2 protein chains.
Amino acid sequence: GIMEIPSAKKETFDPIVEGLKKIYKEKIRPLEEMFKFDGFHSPLLNDSDIEAKPMVLLLGQYSTGKTSFVKYLLGRDFPGAHIGPEPTTDRFMAIMHGKEERRTPGNALSVETDKPFRGLSKFGTMFLQRFESSESPAPLLEHLTFIDTPGVLSGEKQRIARGYDFISVIEWFAEKADMILLLFDAYKLDISDEFKRTIEALRGNDDKIRVVLNKADQINTQQLMRVYGALMWALGKVVRTPEVMRVYIGSFWNEPYRIQENAKLFQAEQQDLLRDLQALPRLAAVRKCNEMVKRAKMCRIHAFIIAHLRKQMPSVFGQKSAQAELIKNLEQEFSRIQIATQMPAGDFPDAERFRERLALHDLKKFPKLDKKMLEVLDQVLQQDLPLLLRRYAQIADESPQGVLP
Amino acid sequence: GIMEIPSAKKETFDPIVEGLKKIYKEKIRPLEEMFKFDGFHSPLLNDSDIEAKPMVLLLGQYSTGKTSFVKYLLGRDFPGAHIGPEPTTDRFMAIMHGKEERRTPGNALSVETDKPFRGLSKFGTMFLQRFESSESPAPLLEHLTFIDTPGVLSGEKQRIARGYDFISVIEWFAEKADMILLLFDAYKLDISDEFKRTIEALRGNDDKIRVVLNKADQINTQQLMRVYGALMWALGKVVRTPEVMRVYIGSFWNEPYRIQENAKLFQAEQQDLLRDLQALPRLAAVRKCNEMVKRAKMCRIHAFIIAHLRKQMPSVFGQKSAQAELIKNLEQEFSRIQIATQMPAGDFPDAERFRERLALHDLKKFPKLDKKMLEVLDQVLQQDLPLLLRRYAQIADESPQGVLP
Ligand SMILES: Nc1ncnc2c1ncn2[C@@H]1O[C@H](COP(=O)(O)OP(=O)(O)OP(=O)(O)O)[C@@H](O)[C@H]1O
Ligand SMILES: Nc1ncnc2c1ncn2[C@@H]1O[C@H](COP(=O)(O)OP(=O)(O)OP(=O)(O)O)[C@@H](O)[C@H]1O
Ligand SMILES: [Mg+2]
Ligand SMILES: [Mg+2]
């Protein structure tokens with residue numbers, strides 16, 4: 001493969017992932033289960049969610065070279081890869097590591113507990129029939145998972161032909177992804193309204209977006225400047241962030257450049273892209289730590305809220321109306337907890353949403369707050385996670401460029 | 001000069017300008033005077049307004065190379081040109097043709113009837129003291145006038161230090177200009193809020209805007225791509241039009257390129273810019289014809305409106321209240337004229353504005369509509385101007401590229 005990550009370093013960030021799994025399973029999840037965290041905030045995590053490799057989501061109109069791009073990075077074909085001039089890739093494909101070549105259909109994938117795709121079942125059978133994994137022993141896949149997608153079509157075709165909600169599926173993957181690559185064809189630049197809508201659906205994940213201006217060797221320098229300028233002009237209008245989006249300009253397949261004028265530029269750009277991809281495992285480890293910190297904090301606040309509300313409940317009569325009253329005055333109860341515990345208001349969940357969820361639960365059925373478990377959680381926040389982050393900094397120090405060759 | 005326009009062709013579009021002057025003076029202006037067109041719509045025109053050479057307005061933050069750019073195009077220094085690293089140009093400068101080198105201060109310029117700058121007096125003495133003309137016998141100036149401007153400063157400096165309304169002055173020139181060139185320094189790209197506001201003031205004239213990414217030879221290709229991308233990204237957000245703005249990338253002065261990597265690109269871009277500048281006289285002639293058509297149409301409608309309103313006035317008593325009543329029901333009167341004359345409603349002036357202006361006039365003092373003069377105006381619209389445009393097409397046909405060498 002063009003992008004070898006030396007296997008000696010391949011496990012570099014595994015101790016952190018292992019640490020996170022242990023901390024979560026032993027010290028956070030029990031509290032989450034007790035106070036039904038998943039009924040209020042987000043699903044409980046499994047090992048596979050924490051282990052999941054950094055994910056690179058590929059998006060683009062059809063024939064921009066998404067599938068060829070993955071093949072180029074892997075340095076090999078992968079099972080189920082179809083490359084061609086017409087709209088070819090007709091499904092979402094998770095390109096993952098496996099000892100043997102194997103394809104697994106979406107219906108099976110969505111129930112495998114060791115894969116991070118269980119959340120996809122909500123998009124229905126029509127979608128799962130258009131989703132599969134492609135496993136192969138490409139070394140790069142030990143560190144990254146790619147999500148190849150069907151090219152965005154224009155107009156009605158997009159909505160009618162698919163039979164599932166393409167935009168919502170993209171949103172799901174964008175949320176999980178560590179990098180979102182938008183591919184454009186320099187030779188035939190086209191930013192359809194549908195693709196604009198797809199980009200808009202990425203809002204909130206803008207910091208993950210990078211752009212590939214592919215097939216840039218097919219045109220001369222002046223044409224390339226016009227195309228690249230038009231691309232940036234249009235992107236500036238669609239993406240709301242003031243920070244300029246990084247665009248990698250080049251030709252990402254294994255053929256010689258057609259026009260040589262900018263060979264040096266393309267090579268430098270390809271190097272930059274590889275370096276940024278190689279940095280993902282390191283960045284993902286930090287991100288996972290930070291997310292775990294956030295989750296532990298939210299779990300702590302959640303436990304306090306539930307315990308506080310539960311305490312107000314009468315022991316025998318009028319429980320229903322008491323709970324209704326508490327739900328009604330939720331903002332006020334939140335304020336009281338904030339004052340009592342000195343936890344910042346900004347960390348609290350949205351009261352309106354919490355109110356809706358709470359209506360589905362019986363406060364009386366929650367246990368009392370276990371002091372011991374709370375101490376354990378405080379320890380997670382004050383010691384365990386900071387220690388893990390420090391450990392990470394050590395690893396990063398020893399190999400300053402992370403997994404770079 | 002780098003941009004010679006052969007003098008044999010220099011008079012190419014003069015017959016059209018001469019024709020326009022004659023038509024206006026003999027057939028349109030008399031009617032305008034009679035019905036006080038200038039009190040309702042726009043000032044009466046002099047020969048100099050119609051003769052005025054295509055104007056190129058240069059804008060940019062300080063030190064982006066505006067003054068050097070003009071010097072480069074003229075192939076020579078011009079009187080009053082100051083070039084340097086600090087904010088140097090401290091005034092608006094109209095760089096025009098003259099047999100002798102000469103500078104004329106703004107106060108004098110603003111009263112010269114053979115120059116198109118009389119409208120500038122409204123910006124006050126503080127501005128006129130910061131405005132001058134620089135005449136010299138550079139051949140290019142026989143065809144184009146350049147307006148060099150002080151660099152846009154950032155923040156408070158811009159507003160406080162100047163003593164006149166910079167943005168309004170820019171708007172005035174933008175309205176008159178045939179091309180507006182925004183200069184950026186590739187080596188030190190910076191788009192201050194003040195400059196954004198300046199660009200926003202150009203709204204309505206967006207089709208005239210072109211961009212020069214200057215000093216592009218000071219950085220390597222990858223850096224240039226980042227800078228150019230950032231520029232387009234930012235411009236896309238500021239300029240509302242969907243059409244991508246044309247950017248000329250190069251180094252517009254008479255020094256050799258510092259970094260040679262993109263010499264070929266820069267040369268091609270410089271050629272394109274020169275070609276587009278050379279096309280201005282031709283485009284300006286067409287524009288003048290089209291504007292005269294619009295003006296004649298507006299004059300016709302104006303005469304009909306005034307004559308129609310005048311006819312409703314009582315001959316002796318209650319004139320004041322009758323006029324007030326007419327002003328009040330102006331929309332209704334407009335509709336009646338539209339029905340009677342079959343003139344499209346879209347061509348009519350804004351009723352609210354017209355109402356304000358009308359309040360300053362005494363309807364009874366206007367003359368009756370002279371049938372003869374109206375016939376002459378119809379002739380202008382049906383014969384004279386179409387003939388002139390056909391004549392233009394002939395000239396353009398004989399020399400398909402207009403004044404191109
Ligand atoms: N860098 C490149 N330069 C020129 N042509 C390319 C390049 N990469 C791919 N192609 C060609 O473009 C066409 C489309 O490629 P590919 O199937 O990889 O695109 P895709 O984005 O995956 O399309 P789809 O959305 O239909 O799946 C193919 O003919 C391929 O050979
Ligand atoms: N193409 C170029 N490449 C590199 N340097 C240049 C170029 N053009 C001009 N310069 C230098 O940049 C500086 C500013 O030039 P100049 O005075 O022409 O800019 P300006 O935009 O007119 O500035 P101001 O707004 O202050 O009048 C000068 O030192 C000049 O020599
Ligand atoms: Mg594909
Ligand atoms: Mg200057």
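In what follows, chains are A, B, ... by sequence order, proteins preceding strands, each numbered from 1. Predicted model, so just to flag it, every value in this text is computed and none were measured.
M232(B) has its side chain out of reach of L235(A): every pair of non-hydrogen atoms, C-beta onward, lies at least 4.5 Å apart. Taking 4.5 Å as the limit, some side-chain heavy atom of M225(A) sits within range of a side-chain heavy atom of M225(B). Taking the side chain as every heavy atom from C-beta outward, R246(B) and R226(A) approach each other to under 4.5 Å. Counting heavy atoms from C-beta outward, K264(A) and E261(B) have side chains that approach closer than 4.5 Å.
At a 4.5 Å heavy-atom cutoff, N220(B) makes no contact with chain A through either its backbone or its side chain.
Residues forming a ring pair (Phe, Tyr, Trp, His ring centres under 6.0 Å) with F266(A) (at least two apart in sequence, or on another chain): Y257(A).
Within the structure, side chain to side chain donor-acceptor pair (under 3.5 Å) pairs that include any residue of residues 231-241 of chain A do not occur (at least two apart or interchain).
Contact tally against chain B (heavy-atom pairs below 4.5 Å) for I249(A), N262(A), L231(A), V239(A): the top residue is V239(A).
Atom NZ of K71(B) has 12 or fewer neighbouring heavy atoms from other residues, nucleotides or ligands inside a 6.0 Å radius.
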